Amino acid sequence: MLVATGPRPERLDARPFFYILAAIAFFIFGAERLGLIATVAGVVFIAAIGDRRARWRPLALWAAFLAVATTGLFVNLLGVPLPVWPKGW
């Protein structure tokens, strides 16, 4: 028989999953319009909403670091043609 014994597993929280998917969608639709720096920062903040323990000051530092690092890696080193800033800047 397939019967589990012991304590019941914790209920699955869909909140983090939803915000990770929202962050991915934000990157897909925002990279061309908003530029890489604003999009990466937005992705970090949207994904962090899913974690109730997230603190905003470390997130801001992490977002700034990732925005600079992804721009340096993808645009400067790899030559991926993504706009760095929003159109019109």
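Keep in mind the model is a prediction, meaning the values are calculated, not measured.
- When the side-chain contact (heavy atoms from CB on, under 4.5 Å) test is applied to R55, the partners found at least two apart in sequence or on another chain are P58.
- Minimum heavy-atom separation, P16 to G50: CG-O, 3.7 Å.
- When hydrophobic clusters are built by joining Ile, Leu, Val, Met, Phe, Trp and Tyr residues whose side-chain heavy atoms come closer than 4.5 Å, directly or via intermediates, L36 is not grouped with I28.
- Under the 4.5 Å side-chain heavy-atom criterion for ILVMFWY residues, a single connected hydrophobic cluster contains both L82 and V44.
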Let me have the donor-acceptor pairs involving side chains of residues 62-76, under 3.5 Å, with sequence neighbours excluded, atom names and distances please.
from: T70; atom 1: OG1; to: L66; atom 2: O; distance (Å): 2.8
from: T70; atom 1: OG1; to: A67; atom 2: O; distance (Å): 3.2
from: T71; atom 1: OG1; to: A67; atom 2: O; distance (Å): 2.8

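- To the nearest 0.5 Å, atom CD1 of residue I49 and atom CD1 of residue I20 are 10.5 Å apart.
- Hydrophobic cluster membership is shared by L77 and V80, with clusters built from Ile, Leu, Val, Met, Phe, Trp and Tyr side chains linked at under 4.5 angstrom.
- Of all non-hydrogen atoms in A23 and I46, the two that sit nearest each other are N-CG2, 3.6 Å.
- Nearest heavy atoms, P83 versus A31: CG-O, 3.7 Å.
- Residue pairs meeting the salt bridge (charged side-chain N to carboxylate O under 4.0 Å, His left out) criterion with at least one member in residues 40-51, sequence neighbours excluded, are D51-R53.
- With contacts defined as side-chain heavy-atom distances shorter than 4.5 Å, the pair R33/P86 does not qualify.
- The stretch residues 25-49 participates, sequence neighbours left out, in these ring-ring contact (aromatic ring centres under 6.0 Å, His included) pairs: F45-W56.
- Within the structure, every pair that satisfies the side-chain hydrogen bond (donor to acceptor under 3.5 Å, both in side chains) test and touches residues 7-25, not counting sequence neighbours, is listed here: D13-R52.
- For the side-chain contact (heavy atoms from CB on, under 4.5 Å) test, residues two or more places apart in sequence or in another chain that qualify with A38 are L34.
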